[in-house]
Amino acid sequence: MPRFPIGDLLDVNGVAVHVRQDGAGPPILLLHGYCGSVHWFDRLTLGLAARYRVIRVDLLGHGCTGGSSGFDAASQARMVAAVLDVLGVEDVLVAGHSYGADVALALAAISPRVGSLVLIGQAPDYSYAFFPPGSSVLLPMVSALVRLVAHRRWTRFASRFRRVSWFDDPLQDLADHAVTAPAMARVVLVERARSLAARPLDAQAAALALPCLVILGRRDRFYDCEKTFARYSAIGARVEVVEGAGHSPFLERPGEVARLLREFSGS
């Protein structure tokens, strides 16, 4: 399914990485999650670009970025670190959503350009995660079906009847899912479970000792909000809960999340 860049394609170690920049001021880097893209932050960016230089990157295997390997968080972080080197930015506030939170922490561990961290909608590990039974088997099958139908005319017609659309293009989430590398499913559902069990995100954040804000949705279907709140609070992170929002509060309440980021940046 063809995708059209809305930013620049930077050559990073032979891979064309899609990078979008908006605004001017202190840099904020936004990292999407599994099956996402830079478009997931379109509306959040509107609330930030008047004060900040907002940088968005399509991770390897996602959106308009190429690549057929290096999908784990450490490899993704090395790619993003190279992007920051090319851009020459310093003291970057890095915000990662879901799997992007893993990448944000891995990035902070290797790049001195990271000044603070924001983790959105992500528990420290999978110990209390709720995923549908058989997800590791079913998700690749669902992804294959999405790739098959996402570009069909009747799919776009049917999208008009969706109750809620968090994107300017009502098919954006399906389009992003359709172009995500199939190998990402195993990385997120199998390999990630093992890596987080060995080194949870709260332990990683504590070891970095950087200013850290955690933003959670009260109605997150994947992780219990109260348990996640307690885990990150225990390491001294600032934790904010967006009422009425789920796993992606910046989609459901972009204005509120933008306000939290502005407040944290100025603190």
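Since we're looking at a predicted model, the values are computed, not measured.
Summarising the local packing, CZ of R259 is surrounded by more than 12 heavy atoms from other residues, nucleotides or ligands at distances under 6.0 Å. The number of heavy-atom neighbours closer than 6.0 Å to CZ of R238, taken from other residues, nucleotides and ligands shown, is above 12. Counting heavy-atom neighbours within 6.0 Å of N13 CG, excluding the residue itself, gives a total of 12 or less.
Taking the six-membered ring for Trp and the full ring otherwise, the centers of H32 and H39 sit at least 6.0 Å from each other.
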Where do R262 and Y52 land on the side-chain hydrogen bond (donor to acceptor under 3.5 Å, both in side chains) test, with the steps shown first? CA-CA 9 Å; R262 292 193 301 266; Y52 300 93; over 6 Å; no
Could you walk me through whether R231 and E226 pass the salt bridge (charged side-chain N to carboxylate O under 4.0 Å, His left out) test, one step at a time? CA-CA 9 Å; R231 288 279 296 271; E226 295 301 325; over 6 Å; no
When you look at D58 and R20, which way does the salt bridge (charged side-chain N to carboxylate O under 4.0 Å, His left out) test go after all the steps? CA-CA 9 Å; D58 278 340; R20 168 76 182 205; over 6 Å; no
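Looking only at distances, a side-chain donor or acceptor of T45 sits under 3.5 Å from a matching main-chain atom of F41. Of the possible polar contacts, none joining the S111 side chain to the A81 backbone as a donor-acceptor pair under 3.5 Å is found. The main-chain N or O of A245 is never found under 3.5 Å from a side-chain atom of R253 such that the two would form a donor-acceptor pair. Between the side chain of Q76 and the backbone N or O of L60 there is at least one donor-acceptor pair closer than 3.5 Å.
When all heavy atoms of L31 and V94 are compared, the closest pair comes out as CD1-CG1, 3.9 Å. Scanning both residues, L208 and A108, for their nearest heavy atoms gives CD1-CB, 3.7 Å. In terms of heavy atoms, L117 sits closest to A104 at CD2-O, 3.6 Å. When all heavy atoms of L9 and A16 are compared, the closest pair comes out as CB-CB, 4.4 Å. Smallest separation of non-hydrogen atoms from V15 and G67: CG1-N, 4.0 Å. The two residues P27 and I55 come nearest to each other via the heavy atoms CB-CD1, 4.3 Å.
Counting heavy atoms from C-beta outward, T228 and P124 have side chains that approach closer than 4.5 Å. Side-chain contact between R43 and D168 is present, with at least one heavy-atom pair separated by less than 4.5 Å. Between V83 and V86 there is no side-chain heavy-atom pair separated by less than 4.5 Å. Counting heavy atoms from C-beta outward, C225 and D220 have side chains that stay 4.5 Å or more apart. Side-chain contact between I120 and P249 is present, with at least one heavy-atom pair separated by less than 4.5 Å. Using a 4.5 Å heavy-atom cutoff, the side chains of Q21 and L87 are in contact. The shortest side-chain heavy-atom distance between M184 and H62 falls under the 4.5 Å cut-off. Between Y34 and T180 there is a side-chain heavy-atom pair separated by less than 4.5 Å.
Using a cut-off of 4.0 Å between Lys/Arg side-chain N and Asp/Glu carboxylate O, D125 and R199 are scored as not salt-bridged. The pair D22-R53 does not meet the salt-bridge criterion, since no charged nitrogen lies less than 4.0 angstrom from a carboxylate oxygen. One finds a salt bridge joining D102 and R192 here, because a Lys/Arg side-chain nitrogen approaches an Asp/Glu carboxylate oxygen to under 4.0 Å.
Using the six-membered ring where Trp is involved, W40 and F250 have ring planes that are tilted, between 30° and 60° apart. Between F222 and F131, the angle of the ring planes lies from 30° to 60°, which puts this pair in the tilted group. Using a 30° and 60° split on the angle between ring planes, Y128 and Y223 fall in the perpendicular class, above 60°.
Hydrophobic clustering, with ILVMFWY side chains joined whenever heavy atoms are under 4.5 angstrom apart, groups L201 together with V241. Following chains of ILVMFWY side-chain contacts shorter than 4.5 Å, one cannot reach W166 starting from L46, and the two form parts of different hydrophobic clusters.
For the atom pair CG (L213) and CG (L119), the distance works out to 8.0 Å, reported to the nearest 0.5 Å. Rounding to the nearest 0.5 Å places CG of L29 at 12.5 Å from CZ of R113. Separation of atoms OH (Y99) and SG (C35) is listed at 12.0 Å; rounding is to 0.5 Å. One finds the OG atom of S265 at 12.5 Å from the CG atom of L260 (value rounded to the nearest 0.5 Å). Atom CG of residue L44 and atom OG of residue S248 lie 11.5 Å apart, to the nearest 0.5 angstrom. To the nearest 0.5 Å, atom SG of residue C64 and atom CD1 of residue I6 are 8.0 Å apart.
Between the side chains of S75 and D72, at least one donor-acceptor pair of N or O atoms lies under 3.5 Å. Checking S37 against D176 by side-chain atom types alone, a donor-acceptor pair falls below 3.5 Å.
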